Amino acid sequence: MSYTVVIPGPLRELAGGRSEVRLDGHADSIRDALALLGNDYPKVRDRIVTELGEVRPHVNIFIDGDSFRDVGGLSAPVRNGAEILILPAVSGG
Amino acid sequence: MPVTHNIKPESGDVLLLVGTMKGAFILRADESRKKWEMGGPYFPGSAVYGMAYDGRFGRQRIWAGPASMHWGALLRSSDDFGATWTDPSVANVKFPEGTEAALKNIWQIVPGRDSEADTLYCGVEPAALFKSTDAGDSWNLVEGLWNHPQRPKWQPGGGGLCMHTILLDPADASRIRVAISTAGMYVTEDGGETWRPSNKGVRADFLPDKHPEFGQCVHKVAQSKVRPDRMYLQNHWGLYRTDDRGETWEDIANGVPSDFGFAVGIHPTNPDTAWIVPLESDGFRCTPEGKLRVYKTENAGKKWKPMTKGLPQEDAYETVLRDAMAVDSLDPVGVYFGTRNGKLFGSHDEGKRWSEIADGLPAVVSVKVAHIS
(Lines give C-alpha, C1' and ligand atoms only; values in the text may rest on other atoms or scores of the structure.)
Protein backbone atom coordinates (compact mmCIF):
# COMPACT_ATOMS: atom_id res chain seq x y z
CA MET A 1 0.00 0.00 0.00
CA SER A 2 1.17 3.56 -0.58
CA TYR A 3 0.09 7.06 0.24
CA THR A 4 1.03 10.50 -1.05
CA VAL A 5 1.76 13.24 1.43
CA VAL A 6 1.74 16.84 0.22
CA ILE A 7 4.28 18.82 2.22
CA PRO A 8 3.57 22.51 2.93
CA GLY A 9 6.13 25.09 1.84
CA PRO A 10 7.56 25.86 5.30
CA LEU A 11 8.40 22.18 5.87
CA ARG A 12 9.75 21.24 2.44
CA GLU A 13 13.33 21.88 3.48
CA LEU A 14 12.86 19.20 6.15
CA ALA A 15 11.75 16.78 3.42
CA GLY A 16 14.76 17.26 1.22
CA GLY A 17 13.04 20.02 -0.73
CA ARG A 18 10.20 17.78 -1.84
CA SER A 19 6.66 19.08 -2.18
CA GLU A 20 5.26 15.54 -2.20
CA VAL A 21 6.54 12.33 -0.66
CA ARG A 22 5.33 8.78 -1.16
CA LEU A 23 4.90 6.53 1.84
CA ASP A 24 5.04 2.78 1.35
CA GLY A 25 3.62 0.52 4.03
CA HIS A 26 0.36 -0.30 5.73
CA ALA A 27 -1.71 2.31 7.53
CA ASP A 28 -5.15 1.71 8.95
CA SER A 29 -5.46 5.29 10.12
CA ILE A 30 -3.92 8.72 9.72
CA ARG A 31 -2.11 7.99 12.99
CA ASP A 32 -0.41 5.05 11.28
CA ALA A 33 0.29 7.13 8.19
CA LEU A 34 1.98 9.80 10.32
CA ALA A 35 4.10 7.07 11.87
CA LEU A 36 5.16 5.99 8.38
CA LEU A 37 5.97 9.61 7.62
CA GLY A 38 8.08 9.74 10.79
CA ASN A 39 10.10 6.72 9.65
CA ASP A 40 11.18 8.42 6.45
CA TYR A 41 10.94 12.08 7.43
CA PRO A 42 11.24 12.42 11.21
CA LYS A 43 11.85 16.17 11.05
CA VAL A 44 8.57 16.72 9.21
CA ARG A 45 6.57 14.59 11.61
CA ASP A 46 8.16 16.36 14.59
CA ARG A 47 6.82 19.70 13.38
CA ILE A 48 3.33 18.32 12.81
CA VAL A 49 2.85 16.19 15.91
CA THR A 50 3.52 16.97 19.59
CA GLU A 51 5.25 14.75 22.15
CA LEU A 52 1.81 13.39 22.98
CA GLY A 53 1.28 12.19 19.45
CA GLU A 54 -1.38 14.82 18.80
CA VAL A 55 -1.50 16.94 15.68
CA ARG A 56 -0.54 20.49 16.63
CA PRO A 57 -3.65 22.65 17.02
CA HIS A 58 -2.85 25.02 14.16
CA VAL A 59 -2.01 22.31 11.65
CA ASN A 60 -4.66 20.88 9.33
CA ILE A 61 -4.45 17.50 7.64
CA PHE A 62 -6.82 16.63 4.81
CA ILE A 63 -7.33 13.02 3.74
CA ASP A 64 -8.60 12.95 0.15
CA GLY A 65 -10.06 16.39 0.79
CA ASP A 66 -11.60 15.78 4.20
CA SER A 67 -10.21 17.31 7.38
CA PHE A 68 -9.01 14.45 9.57
CA ARG A 69 -10.74 16.15 12.49
CA ASP A 70 -14.12 15.68 10.75
CA VAL A 71 -13.67 12.02 9.89
CA GLY A 72 -12.43 10.42 13.08
CA GLY A 73 -9.42 12.41 14.22
CA LEU A 74 -6.23 10.42 14.42
CA SER A 75 -8.29 7.26 13.94
CA ALA A 76 -9.58 8.51 10.58
CA PRO A 77 -9.10 5.78 7.96
CA VAL A 78 -6.79 6.20 4.99
CA ARG A 79 -7.31 4.17 1.81
CA ASN A 80 -4.58 2.74 -0.33
CA GLY A 81 -3.46 5.55 -2.62
CA ALA A 82 -4.87 8.31 -0.43
CA GLU A 83 -3.64 11.87 -0.76
CA ILE A 84 -2.71 13.36 2.60
CA LEU A 85 -2.49 17.12 2.43
CA ILE A 86 -0.79 18.98 5.27
CA LEU A 87 -1.56 22.69 5.57
CA PRO A 88 -0.97 25.37 8.17
CA ALA A 89 -4.24 26.76 9.54
CA VAL A 90 -5.23 30.36 8.95
CA SER A 91 -3.41 31.66 11.98
CA GLY A 92 -0.01 32.94 13.02
CA GLY A 93 2.52 34.85 10.96
CA MET B 1 9.79 36.20 3.82
CA PRO B 2 11.42 39.49 4.80
CA VAL B 3 15.04 40.24 3.99
CA THR B 4 17.22 39.63 7.01
CA HIS B 5 19.97 42.09 7.78
CA ASN B 6 22.96 40.74 9.68
CA ILE B 7 25.35 42.64 11.93
CA LYS B 8 29.01 42.04 12.67
CA PRO B 9 29.71 42.87 16.30
CA GLU B 10 33.28 43.27 17.52
CA SER B 11 35.01 42.69 20.79
CA GLY B 12 33.91 45.32 23.30
CA ASP B 13 30.52 45.82 21.69
CA VAL B 14 27.26 45.68 23.60
CA LEU B 15 24.59 43.35 22.23
CA LEU B 16 20.85 43.63 22.71
CA LEU B 17 18.85 40.48 22.06
CA VAL B 18 15.26 41.45 21.43
CA GLY B 19 12.56 38.81 21.25
CA THR B 20 9.21 39.79 19.80
CA MET B 21 5.92 38.14 18.96
CA LYS B 22 7.00 37.96 15.31
CA GLY B 23 10.69 37.19 15.42
CA ALA B 24 13.99 38.18 16.98
CA PHE B 25 16.34 41.09 16.47
CA ILE B 26 19.97 41.55 17.47
CA LEU B 27 21.41 45.02 17.99
CA ARG B 28 24.96 46.14 18.52
CA ALA B 29 26.62 49.32 19.75
CA ASP B 30 30.06 50.24 20.93
CA GLU B 31 30.60 50.84 24.63
CA SER B 32 29.26 54.38 24.40
CA ARG B 33 25.87 52.75 23.64
CA LYS B 34 24.70 55.82 21.77
CA LYS B 35 24.27 54.47 18.26
CA TRP B 36 22.72 51.09 17.57
CA GLU B 37 22.75 48.90 14.50
CA MET B 38 20.00 46.30 14.17
CA GLY B 39 20.08 42.83 12.66
CA GLY B 40 17.05 40.72 11.88
CA PRO B 41 14.33 39.74 11.74
CA TYR B 42 15.31 36.21 12.67
CA PHE B 43 12.64 33.50 12.71
CA PRO B 44 10.06 35.84 11.14
CA GLY B 45 6.55 34.92 12.19
CA SER B 46 7.61 33.02 15.30
CA ALA B 47 7.25 34.31 18.84
CA VAL B 48 10.62 34.49 20.58
CA TYR B 49 10.22 34.69 24.34
CA GLY B 50 13.54 33.15 25.31
CA MET B 51 16.94 34.51 24.26
CA ALA B 52 20.36 34.36 25.89
CA TYR B 53 24.01 35.08 25.23
CA ASP B 54 26.60 32.53 26.29
CA GLY B 55 30.05 34.11 26.44
CA ARG B 56 31.59 31.46 28.64
CA PHE B 57 34.92 29.86 27.70
CA GLY B 58 35.44 31.95 24.60
CA ARG B 59 32.03 31.25 23.12
CA GLN B 60 30.10 33.93 21.30
CA ARG B 61 26.85 32.03 21.17
CA ILE B 62 23.33 33.39 20.99
CA TRP B 63 20.43 31.16 21.99
CA ALA B 64 16.82 31.63 20.96
CA GLY B 65 13.64 29.66 21.41
CA PRO B 66 11.39 30.54 18.47
CA ALA B 67 7.87 29.16 18.76
CA SER B 68 5.85 28.87 15.58
CA MET B 69 2.11 28.89 16.07
CA HIS B 70 1.95 26.12 13.51
CA TRP B 71 5.07 24.03 13.93
CA GLY B 72 5.95 24.30 17.62
CA ALA B 73 9.00 25.51 19.53
CA LEU B 74 12.69 24.73 18.98
CA LEU B 75 15.84 25.79 20.75
CA ARG B 76 18.36 27.18 18.27
CA SER B 77 21.76 28.80 18.55
CA SER B 78 24.07 30.96 16.47
CA ASP B 79 27.85 31.33 16.76
CA ASP B 80 28.00 34.15 14.23
CA PHE B 81 25.61 36.70 15.73
CA GLY B 82 22.59 35.51 13.78
CA ALA B 83 24.04 34.96 10.30
CA THR B 84 23.41 31.22 10.65
CA TRP B 85 21.46 29.18 13.19
CA THR B 86 21.45 25.57 14.20
CA ASP B 87 18.48 23.64 12.87
CA PRO B 88 17.87 20.64 15.11
CA SER B 89 16.53 17.60 13.31
CA VAL B 90 13.78 17.23 15.88
CA ALA B 91 12.69 19.32 18.85
CA ASN B 92 15.60 19.34 21.29
CA VAL B 93 13.55 20.33 24.33
CA LYS B 94 10.84 17.73 24.72
CA PHE B 95 8.76 16.31 27.50
CA PRO B 96 9.63 12.65 28.00
CA GLU B 97 7.11 9.88 27.61
CA GLY B 98 4.93 9.42 30.64
CA THR B 99 4.71 13.10 31.54
CA GLU B 100 1.55 13.56 29.47
CA ALA B 101 2.80 17.02 28.54
CA ALA B 102 3.80 18.73 25.31
CA LEU B 103 6.06 21.73 24.92
CA LYS B 104 4.22 24.95 24.14
CA ASN B 105 6.87 27.62 24.51
CA ILE B 106 10.42 28.26 25.67
CA TRP B 107 10.26 31.18 28.06
CA GLN B 108 13.71 31.39 29.50
CA ILE B 109 17.23 30.29 28.53
CA VAL B 110 19.99 30.61 31.12
CA PRO B 111 23.64 29.61 30.70
CA GLY B 112 25.00 27.78 33.73
CA ARG B 113 27.57 29.12 36.12
CA ASP B 114 31.06 29.98 34.92
CA SER B 115 32.31 26.78 36.55
CA GLU B 116 29.87 24.69 34.49
CA ALA B 117 31.10 25.17 30.94
CA ASP B 118 28.48 23.09 29.17
CA THR B 119 25.49 23.52 31.47
CA LEU B 120 22.38 25.38 30.36
CA TYR B 121 18.88 25.67 31.74
CA CYS B 122 15.62 26.57 30.16
CA GLY B 123 12.21 27.28 31.59
CA VAL B 124 9.22 26.35 29.51
CA GLU B 125 5.46 26.25 29.21
CA PRO B 126 3.85 24.14 30.60
CA ALA B 127 5.88 25.08 33.65
CA ALA B 128 9.00 22.93 33.84
CA LEU B 129 12.75 23.24 34.10
CA PHE B 130 15.05 21.53 31.60
CA LYS B 131 18.82 21.14 31.97
CA SER B 132 21.56 20.39 29.48
CA THR B 133 25.08 19.35 30.47
CA ASP B 134 26.43 19.03 26.93
CA ALA B 135 26.22 22.63 25.75
CA GLY B 136 22.63 22.27 24.58
CA ASP B 137 22.93 19.14 22.44
CA SER B 138 20.52 17.25 24.68
CA TRP B 139 18.10 18.29 27.39
CA ASN B 140 16.57 16.56 30.35
CA LEU B 141 13.53 17.42 32.39
CA VAL B 142 14.39 18.29 36.00
CA GLU B 143 12.13 15.68 37.47
CA GLY B 144 12.47 16.76 41.08
CA LEU B 145 10.41 19.83 40.31
CA TRP B 146 8.14 18.19 37.76
CA ASN B 147 7.17 15.54 40.30
CA HIS B 148 6.55 18.05 43.09
CA PRO B 149 3.27 17.12 44.78
CA GLN B 150 1.98 20.69 44.49
CA ARG B 151 2.42 20.85 40.70
CA PRO B 152 -1.10 19.57 39.84
CA LYS B 153 -2.48 22.61 41.68
CA TRP B 154 -0.48 25.17 39.70
CA GLN B 155 -2.69 27.39 37.55
CA PRO B 156 -1.92 29.22 34.31
CA GLY B 157 -1.73 33.01 34.29
CA GLY B 158 -2.49 35.26 31.34
CA GLY B 159 0.65 34.08 29.55
CA GLY B 160 -0.02 30.42 30.24
CA LEU B 161 1.52 28.20 32.91
CA CYS B 162 5.08 29.25 32.36
CA MET B 163 8.45 29.12 34.08
CA HIS B 164 9.80 32.57 33.35
CA THR B 165 12.59 33.08 35.87
CA ILE B 166 15.63 30.93 36.69
CA LEU B 167 18.09 32.32 39.22
CA LEU B 168 21.32 30.41 39.71
CA ASP B 169 22.61 31.48 43.09
CA PRO B 170 25.93 33.26 42.53
CA ALA B 171 27.44 31.96 45.77
CA ASP B 172 25.89 28.51 46.19
CA ALA B 173 26.21 26.09 43.29
CA SER B 174 23.48 23.81 44.61
CA ARG B 175 20.84 26.53 44.99
CA ILE B 176 18.46 27.54 42.21
CA ARG B 177 15.31 29.65 42.51
CA VAL B 178 12.64 29.54 39.84
CA ALA B 179 9.45 31.53 39.42
CA ILE B 180 6.29 30.31 37.76
CA SER B 181 3.07 32.03 36.83
CA THR B 182 0.95 31.06 38.58
CA ALA B 183 2.67 28.91 41.16
CA GLY B 184 5.04 31.35 42.82
CA MET B 185 8.69 30.65 43.58
CA TYR B 186 10.35 27.33 44.30
CA VAL B 187 13.88 26.83 45.51
CA THR B 188 16.25 23.87 45.48
CA GLU B 189 19.26 23.60 47.74
CA ASP B 190 20.54 20.31 46.38
CA GLY B 191 21.02 21.06 42.73
CA GLY B 192 17.48 20.25 41.67
CA GLU B 193 16.71 16.97 43.43
CA THR B 194 14.20 18.48 45.83
CA TRP B 195 12.27 21.74 45.76
CA ARG B 196 10.21 23.73 48.22
CA PRO B 197 7.90 26.72 47.77
CA SER B 198 9.42 30.01 48.91
CA ASN B 199 6.87 32.81 48.89
CA LYS B 200 6.61 34.00 52.47
CA GLY B 201 5.16 37.51 52.54
CA VAL B 202 4.15 37.60 48.86
CA ARG B 203 0.46 38.31 48.27
CA ALA B 204 -1.99 36.47 46.06
CA ASP B 205 -4.87 38.95 45.83
CA PHE B 206 -6.77 36.66 43.48
CA LEU B 207 -7.05 33.78 45.98
CA PRO B 208 -9.22 33.43 49.08
CA ASP B 209 -6.06 32.96 51.16
CA LYS B 210 -4.00 36.06 50.39
CA HIS B 211 -0.76 34.52 51.66
CA PRO B 212 -0.74 30.89 50.54
CA GLU B 213 2.32 28.66 50.64
CA PHE B 214 2.34 28.63 46.83
CA GLY B 215 0.16 29.86 43.99
CA GLN B 216 1.32 33.49 43.80
CA CYS B 217 1.56 35.15 40.41
CA VAL B 218 5.17 36.25 40.60
CA HIS B 219 5.99 38.26 37.49
CA LYS B 220 9.77 38.64 37.74
CA VAL B 221 12.58 38.34 40.27
CA ALA B 222 16.06 39.87 40.07
CA GLN B 223 18.90 38.73 42.32
CA SER B 224 22.04 40.67 43.20
CA LYS B 225 25.23 39.05 41.98
CA VAL B 226 27.35 40.77 44.62
CA ARG B 227 24.92 40.26 47.51
CA PRO B 228 22.85 37.18 46.69
CA ASP B 229 20.69 37.58 49.80
CA ARG B 230 19.16 40.64 48.13
CA MET B 231 16.44 40.21 45.51
CA TYR B 232 13.66 42.36 44.12
CA LEU B 233 10.31 40.96 43.03
CA GLN B 234 7.60 42.45 40.86
CA ASN B 235 4.39 40.63 41.61
CA HIS B 236 0.91 40.59 40.14
CA TRP B 237 0.10 43.38 42.59
CA GLY B 238 2.99 43.86 44.94
CA LEU B 239 6.58 45.01 44.88
CA TYR B 240 8.95 43.22 47.22
CA ARG B 241 12.51 42.91 48.45
CA THR B 242 14.21 40.13 50.32
CA ASP B 243 17.42 40.40 52.29
CA ASP B 244 17.51 36.78 53.39
CA ARG B 245 17.78 34.99 50.02
CA GLY B 246 14.05 34.76 49.59
CA GLU B 247 12.98 33.30 52.93
CA THR B 248 10.88 36.39 53.64
CA TRP B 249 9.69 39.22 51.42
CA GLU B 250 9.00 42.81 52.45
CA ASP B 251 6.63 45.17 50.64
CA ILE B 252 8.59 48.10 49.19
CA ALA B 253 5.96 49.82 47.04
CA ASN B 254 6.93 53.25 48.35
CA GLY B 255 6.18 56.16 46.07
CA VAL B 256 5.13 54.24 42.98
CA PRO B 257 1.92 55.04 41.10
CA SER B 258 0.98 51.36 41.12
CA ASP B 259 2.49 48.22 42.53
CA PHE B 260 1.32 46.26 39.51
CA GLY B 261 3.89 45.60 36.80
CA PHE B 262 6.04 42.97 35.21
CA ALA B 263 9.68 43.92 34.75
CA VAL B 264 12.38 44.48 37.34
CA GLY B 265 16.10 44.99 36.90
CA ILE B 266 18.89 45.18 39.47
CA HIS B 267 22.20 47.04 39.41
CA PRO B 268 25.12 44.65 38.79
CA THR B 269 27.30 46.02 41.60
CA ASN B 270 25.03 48.10 43.83
CA PRO B 271 22.29 45.96 45.38
CA ASP B 272 20.45 49.04 46.65
CA THR B 273 19.64 50.11 43.10
CA ALA B 274 16.87 48.66 40.94
CA TRP B 275 14.48 49.68 38.17
CA ILE B 276 10.83 48.89 37.49
CA VAL B 277 8.09 50.08 35.11
CA PRO B 278 4.76 50.25 37.00
CA LEU B 279 1.55 49.59 35.11
CA GLU B 280 -1.89 50.88 36.00
CA SER B 281 -3.59 47.63 36.99
CA ASP B 282 -4.28 44.05 35.96
CA GLY B 283 -7.40 45.35 34.24
CA PHE B 284 -5.48 48.04 32.32
CA ARG B 285 -1.93 46.88 31.83
CA CYS B 286 -0.58 50.17 30.55
CA THR B 287 1.63 52.89 31.99
CA PRO B 288 -0.43 55.06 34.40
CA GLU B 289 -1.66 58.45 33.15
CA GLY B 290 -0.28 57.78 29.68
CA LYS B 291 3.24 58.51 30.96
CA LEU B 292 6.10 56.13 30.30
CA ARG B 293 8.04 56.22 33.54
CA VAL B 294 10.81 53.98 34.73
CA TYR B 295 11.04 54.08 38.51
CA LYS B 296 14.41 53.72 40.16
CA THR B 297 15.37 53.11 43.75
CA GLU B 298 18.81 53.83 45.12
CA ASN B 299 18.02 52.85 48.69
CA ALA B 300 16.69 49.31 48.38
CA GLY B 301 13.09 50.35 47.86
CA LYS B 302 12.64 52.87 50.65
CA LYS B 303 11.78 55.32 47.90
CA TRP B 304 11.26 55.07 44.13
CA LYS B 305 11.81 58.01 41.78
CA PRO B 306 10.48 58.40 38.24
CA MET B 307 13.13 58.56 35.53
CA THR B 308 11.45 60.22 32.57
CA LYS B 309 13.95 62.32 30.67
CA GLY B 310 13.68 61.28 27.04
CA LEU B 311 10.59 59.12 27.57
CA PRO B 312 7.15 60.14 26.22
CA GLN B 313 5.00 61.71 28.93
CA GLU B 314 1.82 62.19 26.96
CA ASP B 315 -0.51 59.59 25.43
CA ALA B 316 2.09 56.89 26.05
CA TYR B 317 0.02 53.83 26.92
CA GLU B 318 2.83 51.33 26.94
CA THR B 319 3.26 47.87 28.41
CA VAL B 320 6.63 46.49 29.45
CA LEU B 321 6.41 42.74 29.95
CA ARG B 322 8.27 40.62 32.49
CA ASP B 323 11.34 39.83 30.42
CA ALA B 324 11.45 43.03 28.44
CA MET B 325 13.95 44.89 30.65
CA ALA B 326 17.68 44.31 30.86
CA VAL B 327 20.61 45.87 32.71
CA ASP B 328 24.16 45.73 31.42
CA SER B 329 27.41 45.48 33.38
CA LEU B 330 29.23 48.57 32.14
CA ASP B 331 30.08 51.70 34.11
CA PRO B 332 27.84 53.65 34.11
CA VAL B 333 25.25 50.92 33.87
CA GLY B 334 22.95 50.76 30.86
CA VAL B 335 19.25 49.97 31.20
CA TYR B 336 17.07 48.84 28.29
CA PHE B 337 13.44 47.97 27.81
CA GLY B 338 10.99 47.15 25.05
CA THR B 339 7.26 47.66 24.88
CA ARG B 340 4.30 45.77 23.57
CA ASN B 341 3.87 48.59 21.06
CA GLY B 342 7.23 47.74 19.53
CA LYS B 343 9.38 50.51 20.97
CA LEU B 344 12.85 49.92 22.37
CA PHE B 345 14.43 52.40 24.76
CA GLY B 346 17.83 52.60 26.37
CA SER B 347 19.75 54.62 28.90
CA HIS B 348 23.53 54.56 29.12
CA ASP B 349 23.62 56.46 32.40
CA GLU B 350 21.55 54.33 34.77
CA GLY B 351 18.24 55.90 33.82
CA LYS B 352 19.03 59.62 34.00
CA ARG B 353 18.38 60.05 30.26
CA TRP B 354 16.63 57.78 27.81
CA SER B 355 16.64 57.53 24.07
CA GLU B 356 14.55 55.56 21.63
CA ILE B 357 16.64 52.84 20.04
CA ALA B 358 13.93 51.41 17.77
CA ASP B 359 10.28 51.91 16.96
CA GLY B 360 7.87 49.85 14.91
CA LEU B 361 9.09 46.45 16.05
CA PRO B 362 6.57 43.69 16.64
CA ALA B 363 5.42 43.45 20.26
CA VAL B 364 8.54 43.08 22.40
CA VAL B 365 8.44 40.23 24.88
CA SER B 366 12.09 39.91 25.88
CA VAL B 367 15.22 42.03 26.03
CA LYS B 368 18.61 40.64 27.04
CA VAL B 369 21.95 42.40 27.03
CA ALA B 370 25.51 41.15 26.74
CA HIS B 371 28.98 42.68 26.61
CA ILE B 372 31.22 40.92 24.12
CA SER B 373 34.67 40.21 25.52
Side-chain angles (χ1 to χ4, degrees), chain A residues 5-21 23 29-63 67-70 73-75 84-93, chain B residues 1-2 20-24 41-49 65-76 84-106 122 124-128 130 138-141 143 146 156 160 361-363 365:
Chain A
V5 180
V6 181
I7 307 293
L11 300 187
R12 282 178 192 161
E13 195 179 325
L14 304 179
R18 296 176 180 84
S19 59
E20 283 186 9
V21 299
L23 305 178
S29 65
I30 188 65
R31 180 186 289 107
D32 296 343
L34 290 172
L36 290 176
L37 178 68
N39 292 339
D40 294 344
Y41 303 96
K43 297 180 185 180
V44 176
R45 184 181 185 277
D46 193 68
R47 308 294 3 119
I48 296 169
V49 175
T50 73
E51 297 99 309
L52 296 175
E54 297 167 345
V55 176
R56 297 185 188 279
H58 296 277
V59 174
N60 289 327
I61 299 177
F62 296 90
I63 307 165
S67 170
F68 84 106
R69 293 187 172 93
D70 296 335
L74 283 169
S75 300
I84 299 167
L85 175 62
I86 299 166
L87 285 174
V90 281
S91 52
Chain B
M1 280 296 162
T20 79
M21 290 301 289
K22 301 294 179 188
Y42 303 102
F43 324 113
S46 291
V48 184
Y49 280 65
S68 160
M69 185 174 278
H70 297 109
W71 316 117
L74 281 173
L75 200 53
R76 302 176 69 173
T84 60
W85 295 85
T86 56
D87 191 7
S89 57
V90 292
N92 34 13
V93 177
K94 269 190 170 186
F95 281 91
E97 277 186 38
T99 56
E100 297 301 314
L103 181 72
K104 288 187 177 175
N105 201 358
I106 297 168
C122 69
V124 306
E125 177 193 359
F130 282 80
S138 64
W139 291 83
N140 291 302
L141 177 68
E143 297 197 1
W146 181 258
L361 297 174
V365 290

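Treat the numbers as computed from the prediction; the structure is a model and nothing was measured. Just so we're on the same page: letters track the sequence lines, and every chain starts at 1.
Using a 4.5 Å cut-off between heavy atoms, A67(B) does not touch chain A at all. Using a 4.5 Å cut-off between heavy atoms, A101(B) touches chain A through its backbone atoms (N, CA, C, O) alone. Contact of E100(B) with chain A is made through backbone and side chain together, with heavy-atom distances under 4.5 Å. Looking at P57(A), neither its backbone nor its side chain comes within 4.5 Å of chain B, counting heavy atoms on both sides.
A distance-only check finds a donor-acceptor pair linking the side chain of E51(A) to the backbone of F95(B) [under 3.5 Å].
Checked for salt-bridge contact, K94(B) and D46(A) meet the test: a charged N lies under 4.0 Å from a carboxylate O.
Between the OG atom of S68(B) and the NE2 atom of H58(A) there is a distance of 9.5 Å, given to the nearest 0.5 Å. Going from atom NE2 of H70(B) over to atom CG of L11(A) covers 10.5 Å, rounded to the nearest 0.5 Å.
Closest heavy-atom contact between P42(A) and V90(B): O-CG1, 3.9 Å.
Taking the side chain as every heavy atom from C-beta outward, D87(B) and K43(A) never approach each other to under 4.5 Å.
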